[in-house]
Amino acid sequence: MQQLTAKERMKIPRNPMVEQDPNERNKNFLEVNQGYTAQMAQEEAMRCLACPKPSCVEGCPVHIQIKDFILQIAEGDFLGAVHTIKQDNALPAICGRVCPQEEQCEQVCVVGKRGEPVAIGNLERFVADYEREMNKVEIPAVGSSNGKKVAIAGSGPAGLSCAKDLAGMGYDVTVFEALHQLGGVLVYGIPEFRLPKDIVAKEIDGLKQMGVKFVTDTIIGRISTIDELMEEEGFDSVFLGVGAGLPWFLGLPGENLIGVYSANDFLTRVNLMKAYKFPSEDTPVLQVEGKNVAVFGGGNTAMDSVRTALRLGAKNAYIIYRRSEVEMPARVEEVKHAKEEGVQFLLLTNPIQFNGDEEDWLHSVTLQKMELGEPDDSGRRRPIPIKGSEYDLDIDISIIAIGNGSNPLISQTTPDLETSKRGTIVVNEETMETSKKGVFAGGDIVTGGATVILAMGAGRKAAEAMHKYMSDKA
Amino acid sequence: MYKIIEARFLAENVKLFEIEAPKIAKKRKAGQFVIIRIDEHGERIPLTIANSDMEKGTITIIVQSVGKTTTKLNSLEKGESLLDVVGPLGTPSHIEKVGTAVSIGGGVGTAIAFPTAAEMKNQGNYVITINGARTKDLVILEDEMKALSDESYVTTDDGSYGYHGFVTQKLQELIDEGKKLDLVLAIGPIPMMRAVAEVTRPHGIKTIVSLNPVMVDGTGMCGGCRVVVDGKSMFACVDGPEFDAHLVDFKNLMNRNKMYAKQEHDALEQYNHECKLDKKIETLSD
Ligand SMILES: Cc1cc2nc3c(=O)[nH]c(=O)nc-3n(C[C@H](O)[C@H](O)[C@H](O)COP(=O)(O)OP(=O)(O)OC[C@H]3O[C@@H](n4cnc5c(N)ncnc54)[C@H](O)[C@@H]3O)c2cc1C
Ligand SMILES: Cc1cc2nc3c(=O)[nH]c(=O)nc-3n(C[C@H](O)[C@H](O)[C@H](O)COP(=O)(O)OP(=O)(O)OC[C@H]3O[C@@H](n4cnc5c(N)ncnc54)[C@H](O)[C@@H]3O)c2cc1C
Ligand code: SF4
Ligand code: SF4
Ligand code: FES
């Protein structure tokens, strides 16, 4: 490996991600980011200073040995790098794409103090893609069967990572999924242009090869209660990774007009049910082509919705957010991409009412301007309405993307499962064990809507504690 | 895959299926439904579980063809399969012993009302059933309803069979005769349910309807199935599908159900066209 001084390393500019042209990609559903070449990855790896105490590792919620894997990339050992990552992260091809790196690993990278941080996420993605594209993905060794059965509810990142670890330890693992397709938000929420569904499918294939059983169309709580799983169906332990699937609405007049969608409804129709191919796919979505579409919210879900609307041919696609851009919870890259693609941002603006015609079709939204006041509980400056600033904007479709609460299906059917006031499942944070013996939980159902990496980390933490629980029990 | 064990038409465009789904058969309660998907390209559509047979491990659904998915479904035969069947969904009917309970079914609504009507009887109520259809050939489940009822009526709009008139007229007659009705369940087209609600409202008779908004997941995840009840948004797939008829905003439901009318119309046209082509090709190659 070429020996460079720290100064020389700092001079290398960050390698930008190769992207589809904004005016092309806003008309197709292909992935926006095209990934690094091997050469780009090695160049980027050269920028890392190999800090003796790497702060990046602390910034990663699952403490990937970032310095080590970047060194391996610099040396051209791409497979070694991906193996290093996989010690801590079961889903690197996914996290490399969707992690909010700018608030995690890259935020604290020392190179970023002076210029742009090392592109840790892009590198993580590169090696994971390399491994997959070269067909070098090794199915993890599976411990000899220990005869114990585990049930996992939900096939999102929390459930999948928990399943992977437990299968590796020799457990007989069954994942139950409510929908007809596996992957949770990774398939029904996050669009193809950000996370190709093939990648999720490959991860799941790997788990199948490890012997994990998947049962779709199965809603735990309805078809089998948790007690029935443990008492009648012979499961020794249960993990709940059921996500935060209960869309919040704004509670404004006119919210039930035709044309007012929740982001979940809109994205599920388009992503999971492929409504963009209607009528060769049977599920419809309202015609977006030539229409004015407003998306309310400032998170990833809002960006995904508005960019999906653009790709379906929206004439005007707006993000309407009541705070300013700095407060937006979305990944910085998504906001940048949305702007490049032609999304219009109406910031410091809040809806107060949806207006429709006699037949209940939405035709406009009444908006109000806001200004920022003192910081609120979240530490962000509180938006305050400006009196007399109301105006109407012509809108055919509105998509509400202000977050999700906890779906109560499981808690309603499991009275002895402790939940918080917000409806999330209460766990011991060290072990992810719930108030119910042998039942563990993790991911969005515990934290409220959060991130893929946190859900994945929680699934793995729970797997370890479940292993201990079942070993002690025997 | 969920195998079709039995399939037969009950009336024109109304078909009964028994489908192998042992776990659902064991768990389901009156008032609950399943969501099915015929094949990989299929839409997810909700259908009430009309009956179940635990020993055979089957559930019964009764389907009226109205659009592409239901038309395609009703072309399936015994031995074929559905790709997905998920359930039981929805909150089961809360039926108690109240005295006299009336079950009103309009069209395929009779099938949806059937399990709840049976539950009314199980709970020890005096059960009156009124089953309406446009014309004689469309009357379904007459014997089944009669068997569980203390009094049963069939009405036809055109008078070709049974009572000549709408179900609401028959209901009004019962009230006018001075019968003390304690509970009314009405399931059928939205205008019918709304009309029943108006008949019972002045008399303060508790009235339940089963709402049929467009659904996707059936688990409370999408919010597409929201209906306005007592001025509040409810998710029909988890909070319902049964609601207090006197509190439902029927106009909003009726309008919302037209949301995809254009797309649905085009899809059905195309489907029928393709079917005709297929048939043509078949006859040509014979
Ligand atoms: C549109 C959108 C974009 C996002 N973008 C990002 C991003 O860029 N970066 C990021 O880090 N995070 C993002 N997130 C958040 C991230 O996707 C979630 O935090 C993460 O998926 C949570 O994982 P999970 O495993 O807890 O739950 P989920 O992914 O929600 O999976 C839960 C699964 O459980 C199933 N289920 C629910 N109830 C039951 C039941 N009773 N029985 C059986 N199965 C059940 C559900 O159908 C679902 O498949 C985004 C979220 C959305 C909605
Ligand atoms: C809880 C519930 C129980 C039902 N039970 C029965 C039953 O037992 N038997 C029966 O014949 N029908 C039942 N329905 C109605 C049935 O789901 C619709 O007729 C069917 O979805 C129409 O699909 P389609 O493609 O054939 O028609 P389309 O042409 O798509 O639509 C015709 C009409 O059906 C409604 N509809 C369309 N898509 C959906 C959808 N995904 N979900 C719900 N409604 C939709 C709309 O109002 C539309 O105007 C029930 C509906 C609900 C909500
Ligand atoms: S998992 Fe996320 S936070 Fe951790 S190193 Fe990878 S991109 Fe950074
Ligand atoms: S903090 Fe930045 S420079 Fe230091 S080891 Fe981590 S990635 Fe390399
Ligand atoms: S069908 Fe999606 S919430 Fe009811």
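We use all heavy atoms of the structure for the numbers below, so side chains are in, but hydrogens, waters and symmetry mates are not. Owing to the predicted nature of the structure, the values given are computational and were not obtained by experimental measurement. Each chain gets a letter, A, B and so on, in the order the sequences are listed, and its residues count up from 1.
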One pair to check against side chain to side chain contact (heavy atoms under 4.5 Å, CB included): B/Met221 and A/Thr268. What are the steps and the verdict? CA-CA 9 Å; B/Met221 182 272 279; A/Thr268 302; 3.7 Å; yes
Nearest-0.5 Å distance, NZ of residue B/Lys26 to OG of residue A/Ser224: 7.5 Å
Interatomic spacing from CE in A/Met273 to CD in B/Glu43 - rounded to 0.5 Å: 7.0 Å
Inter-residue atom distance A/Phe278.CZ - B/Tyr260.OH, 0.5 Å rounding: 10.0 Å
Nearest non-hydrogen partners of A/Arg269 and B/Val214, listed with the distance: NH2-CG1, 3.4 Å
Donor-acceptor pair, distance only, cut-off 3.5 Å: does the side chain of A/Asp265 make one with the backbone of B/Gly223? no
Looking at B/Glu40 and A/Lys274, does any basic side-chain N land under 4.0 Å from a carboxylate oxygen? no
Does B/Arg256 use its side chain to pair, donor to acceptor, with the backbone of A/Ile258 at less than 3.5 Å? no
Any side-chain to backbone donor/acceptor pair from B/Asp84 onto A/Asp217? Under 3.5 Å, distance only. no
State, yes or no, whether a side-chain contact exists between A/Glu255 and B/Val228 at a heavy-atom distance under 4.5 Å. no
Is the shortest distance from a Lys or Arg side-chain nitrogen in B/Lys23 or A/Glu233 to a carboxylate oxygen in the other one below 4.0 Å? yes
In Å, rounded to the nearest 0.5 Å, how long is the span from CD1 of A/Ile219 to CD1 of B/Ile35? 8.0 Å
Measure the spacing between CE of B/Met259 and CH2 of A/Trp361 and express it to the nearest 0.5 Å. 7.0 Å
Toward chain A, the part of B/Leu89 with a non-hydrogen atom under 4.5 Å: both
A/Leu257 versus chain B, heavy atoms under 4.5 Å apart: side chain, backbone, both or neither? backbone
Throw together a table of side-chain donor-acceptor distances under 3.5 angstrom for residues 279-287 of chain A, partners on residues two or more places apart or in other chains.
unit_1   : atom_1 : unit_2   : atom_2 : d
A/Ser280 : OG     : A/Lys277 : O      : 3.0
A/Glu281 : OE2    : B/His41  : ND1    : 2.7
A/Asp282 : OD1    : B/Lys68  : NZ     : 2.6
A/Gln287 : NE2    : A/Glu289 : O      : 3.2

Can you name the ring-ring contact (aromatic ring centres under 6.0 Å, His included) partners of A/Phe214, sequence neighbours left out? none
So which part of B/Gln263 gets closer than 4.5 Å to some heavy atom of chain A, the side chain, the backbone, both or neither? both
Side chain, backbone, both or neither: which part of B/Val238 has a non-hydrogen atom closer than 4.5 Å to chain A? both
Residue, of B/Asp39, B/Val86, B/Ile45, that accumulates the most heavy atom pairs under 4.5 Å with chain A: B/Val86
Donor-acceptor pair, distance only, cut-off 3.5 Å: does the side chain of B/Asn252 make one with the backbone of A/Asn256? yes
Measure B/Phe235 against the heavy atoms of chain A and call it side chain, backbone, both or neither at under 4.5 Å. side chain
Could you give the distance from CZ (B/Arg44) to CG (A/Leu179), rounded to the nearest 0.5 Å? 5.5 Å
The interface call for B/Val85 against chain A, heavy-atom contacts under 4.5 Å, is backbone
Nearest heavy atoms of A/Ala178 and B/Thr219, plus distance in Å: CB-CG2, 4.4 Å
Which answer fits B/Lys251, side chain, backbone, both or neither, if we ask what part of it has an atom under 4.5 Å from a heavy atom of chain A? both
